[in-house]
K.L.:
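Below is the structure I would like to discuss, written out as structure tokens.
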Amino acid sequence: NTLSALTTAGTATINIGGNFIHNGSSVFRLANNATAIITLNIDGNLQVNSGTFDLNFASGATSTINLEGDITVAAAAVLFAANNNIATFNFTGIGDGTTNALTQTINVVNQATASNINFNVNSGSYTKLINQDFALGTNSAFTVRTGGIFDFGFNGTTALNLVRVTSQTQQSFVAQTGSTLKITSPLGITSFGDYTGNVQIGATAVTNRLFDVGATYHYIGKANQVSGNALPLGITGKVIVELDTDALVFNASSNKTIATAGTLEIIRGIVEDTSTDSFGNLASNAGNLTMSGGRYRIFKASTQPDLSGTYNLTAGVIEFAGPLNKTIRSPKSYQNIEVTGTDVGNSSGNITLNSAGTFTVKTGGIFTINDNSIVGPTGTQTVTVENGAIFKTGDVDGFNGSNLTSIQPTIESIILANGSTVEYSRATTTGDQTITLFSPAYRNLTISGTGVKTLQDDFATRVEEDLKVDAA
């Protein structure tokens, strides 16, 4: 074996315009003198095909690698710092991960190396694991800095992780404010004491595994996925859900909160909120909601969505599901609403549908609205009551046709499917209502509540199926 070493006692900067390739069985020492301060800038890739690359051999030395390309360490090769005066390894490329040229990859086959090194994903870099987990040895750290993006990646459909070299300790992980994690594990990110999820280092103390509230947590699972218990409370950055298909389901791990500066963004997949696992406002805050696709399925009770800040809904569906009583947050503007739950109502204002927006009471669903309305701007909005669905109107002015009815004329299309029911249900002290004329016809019409229900048009009102008088 041969030894190659930089023995300078001073400061040196080495610039490599292309790739740095280490072959053979020799040992390369980047810092071999106790007073050395060495910086190695690599514009291309770092390939350790065999032998040993030692970043810092001498006690007291300082060594830094700035890498713009990819890193590959073969199964029989070693990348480490022999001395525990920790070396620094920065990923410094510029990219967004959309192409190979704009992605830095980590392909470290040897799972028993990488000790005494601080790895940093710098601002502007998109760094990604490929082929296998990345194992960190004793005293190593991995930090995603502000402006950096770290993608845990997949091998086929198997999520890749940051793991520890077996039995070695003192590793740590930090996601700084303004950083982005592309989270691939079905178990998300977990807190210290737990060797599961994408981050399986730094499990010995809280301070060894840190996830900042100001980071972006971008979930891209290829299977059903949970946030993991390490997703912090009071997010001021973003939680983005973009699963592999729209059929996959995402759940928060317990009730997670979002601050006024923070946003839940749904791009693809089904986000389910339950009474125990959901997204809501941080106390005295109003978290924001953005949807460009996917489905937000809400089972829990009370006014929903729980987030009450700015809504930017251009696509996707918000579904109000389950048997628990809940009301649709209003006044807010929605793109697509589906009611599948059996006790869903309106809250304190009008429900506004965006241009081309839809409001659908699905089969088995029951929706109740009282003195407010479903409205829309100029465009084409549609309200549909499906077969086996019930639309209960408690509005004194009735179901449709005026600016005072449950559905105002700004909604261009109302579809009452065969088997659908409209129920006049006002039950106040004076439960009087006008039964508005609907063309071509109500399918099933139910009268309930109290008071007198009066036909708007004694001759033209049509009921194609059943008229049912329960009360009033």
Side-chain angles (χ1 to χ4, degrees), residues 95-99 102-103 126 128 144 147-154 157 159 175 178-189 197-198 211 213-228 231-232 235-253 256-259 261-274 277-280 287-299 304-321 329 332-338 353-358:
D96 59 8
T98 55
T99 66
L102 297 175
T103 305
Y126 187 108
K128 181 179 181 180
V144 187
I149 302 172
F150 183 56
D151 185 340
F152 289 92
F154 296 92
T157 59
S179 67
T180 297
L181 301 183
K182 302 288 279 293
I183 300 168
T184 59
S185 170
L187 299 178
I189 50 175
N198 274 141
F211 300 93
V213 296
T216 293
Y217 300 93
H218 192 160
Y219 291 85
I220 57 171
K222 292 181 182 292
N224 291 340
Q225 192 170 26
V226 297
S227 68
L231 181 69
I235 291 286
T236 59
K238 279 187 175 183
V239 176
I240 302 175
V241 179
E242 188 179 12
L243 305 186
D244 193 51
T245 72
D246 272 324
L248 295 175
V249 177
F250 179 87
N251 296 98
S253 300
K256 299 297 182 179
T257 55
I258 296 179
T263 299
L264 170 63
E265 181 175 352
I266 302 171
I267 299 174
R268 187 167 53 243
I270 302 168
V271 176
E272 287 188 347
D273 271 8
T274 68
D277 302 292
S278 68
F279 291 99
N288 306 302
L289 177 63
T290 296
M291 292 183 68
S292 58
R295 178 177 291 266
Y296 194 7
R297 180 178 289 153
I298 303 172
F299 289 97
Q304 302 299 330
D306 207 345
L307 300 172
S308 60
T310 299
Y311 285 15
N312 182 13
L313 311 177
T314 58
V317 174
I318 299 181
E319 177 186 349
F320 298 86
R329 184 174 295 280
K332 289 290 185 184
S333 295
Y334 296 90
Q335 190 62 39
N336 299 296
I337 289 175
E338 290 185 2
L353 300 181
N354 297 330
S355 179
T358 64

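Only this structure's heavy atoms are used, side chains among them; waters, hydrogens and symmetry mates stay out.
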K.L.:
Run the side-chain contact (heavy atoms from CB on, under 4.5 Å) test against D96 and tell me which residues pass, sequence neighbours left out.
P.N.:
T98, L102
K.L.:
What's the shortest heavy-atom distance between M291 and V317, and which atoms?
P.N.:
CE-O, 3.5 Å
K.L.:
If you look at every heavy atom in Q225 and L243, which pair is closest and at what distance?
P.N.:
OE1-CD2, 3.2 Å
K.L.:
Excluding sequence neighbours, so at least two apart, what forms side-chain hydrogen bond (donor to acceptor under 3.5 Å, both in side chains) with R268?
P.N.:
none
K.L.:
Given side chains that start at C-beta, do those of L264 and Y296 come closer than 4.5 Å, heavy atoms only?
P.N.:
yes
K.L.:
Which residues satisfy the side-chain hydrogen bond (donor to acceptor under 3.5 Å, both in side chains) test with N251, sequence neighbours excluded?
P.N.:
none
K.L.:
State which residues pass side-chain hydrogen bond (donor to acceptor under 3.5 Å, both in side chains) with N288; sequence neighbours excluded, sorted by chain then number.
P.N.:
none
K.L.:
Minimum heavy-atom separation for A159 to N198, with atom names?
P.N.:
CB-ND2, 4.4 Å
K.L.:
For the CG atom of L313 and the CG atom of N354, what is their distance to the nearest 0.5 Å?
P.N.:
6.5 Å
K.L.:
Can you sort out the partners of F152 under ring pair (Phe, Tyr, Trp, His ring centres under 6.0 Å), two or more places apart, ordered by chain and number?
P.N.:
F150
K.L.:
Does the side chain of T103 come within less than 4.5 Å of D151's, by heavy atoms?
P.N.:
no
K.L.:
Please tell me if the side chains of I318 and I298 come closer than 4.5 Å, counting only heavy atoms from C-beta onward.
P.N.:
yes
K.L.:
Would T290 and K238 count as a side chain to side chain contact (heavy atoms under 4.5 Å, CB included) if you check the C-alpha gap in whole Å, the side-chain angles of each, and the deciding distance to 0.1 Å?
P.N.:
CA-CA 10 Å; T290 296; K238 279 187 175 183; over 6 Å; no
K.L.:
Applying ring pair (Phe, Tyr, Trp, His ring centres under 6.0 Å), can you list everything that pairs with Y126, at least two apart in sequence or on another chain?
P.N.:
none
K.L.:
May I ask you to test the I337-F320 pair for a side-chain heavy-atom distance under 4.5 Å?
P.N.:
yes
K.L.:
How many angstroms lie between atom CD1 of I270 and atom OG1 of T245, to the nearest 0.5 angstrom?
P.N.:
8.0 Å
K.L.:
List the residues meeting side-chain contact (heavy atoms from CB on, under 4.5 Å) with S292, not counting sequence neighbours, and say none if there are none.
P.N.:
I267, T314
K.L.:
Does any N or O in the side chain of T263 come within less than 3.5 Å of the main-chain N or O of E265, such that one atom is a donor and the other an acceptor?
P.N.:
no
K.L.:
How long is the straight-line distance from OG1 of T216 back to NE2 of H218, given to the nearest 0.5 Å?
P.N.:
9.5 Å
K.L.:
Could you tell me which non-hydrogen atom of P305 sits nearest to which non-hydrogen atom of L289, and how far apart they are?
P.N.:
CG-CD2, 4.2 Å
K.L.:
Please give me the minimum heavy-atom distance between L181 and V144, naming the atom from each residue.
P.N.:
CD2-CG2, 3.8 Å
K.L.:
Heavy-atom distance under 4.5 Å between the side chains of D273 and D306, does that happen here?
P.N.:
no
K.L.:
List the residues meeting side-chain hydrogen bond (donor to acceptor under 3.5 Å, both in side chains) with E319, not counting sequence neighbours, and say none if there are none.
P.N.:
R295, R297, T340
K.L.:
Who are the side-chain contact (heavy atoms from CB on, under 4.5 Å) partners of K332, not counting sequence neighbours?
P.N.:
Y311, R329, Y334
K.L.:
With sequence neighbours excluded, tell me which residues meet salt bridge (Lys or Arg N to Asp or Glu O under 4.0 Å) with D244.
P.N.:
K222
K.L.:
First locate atom CD1 of I258, then atom CG of L231, and finally report the distance between them rounded to the nearest 0.5 Å.
P.N.:
8.0 Å
K.L.:
Holding to side-chain contact (heavy atoms from CB on, under 4.5 Å), I want the full list of residues that pass it with A261, two or more places apart in sequence or in another chain.
P.N.:
T236
K.L.:
How close do G153 and T184 get, heavy atom to heavy atom, and via which atoms?
P.N.:
O-OG1, 3.1 Å
K.L.:
Look at the side chain of D246 and the backbone N and O of G269, then say whether any donor-acceptor pair between them is shorter than 3.5 Å.
P.N.:
yes
K.L.:
Do Y217 and S227 have side chains that approach each other closer than 4.5 Å (heavy atoms only, starting at C-beta)?
P.N.:
no
K.L.:
Y219: which residues meet the ring pair (Phe, Tyr, Trp, His ring centres under 6.0 Å) condition with it, sequence neighbours left out?
P.N.:
F250
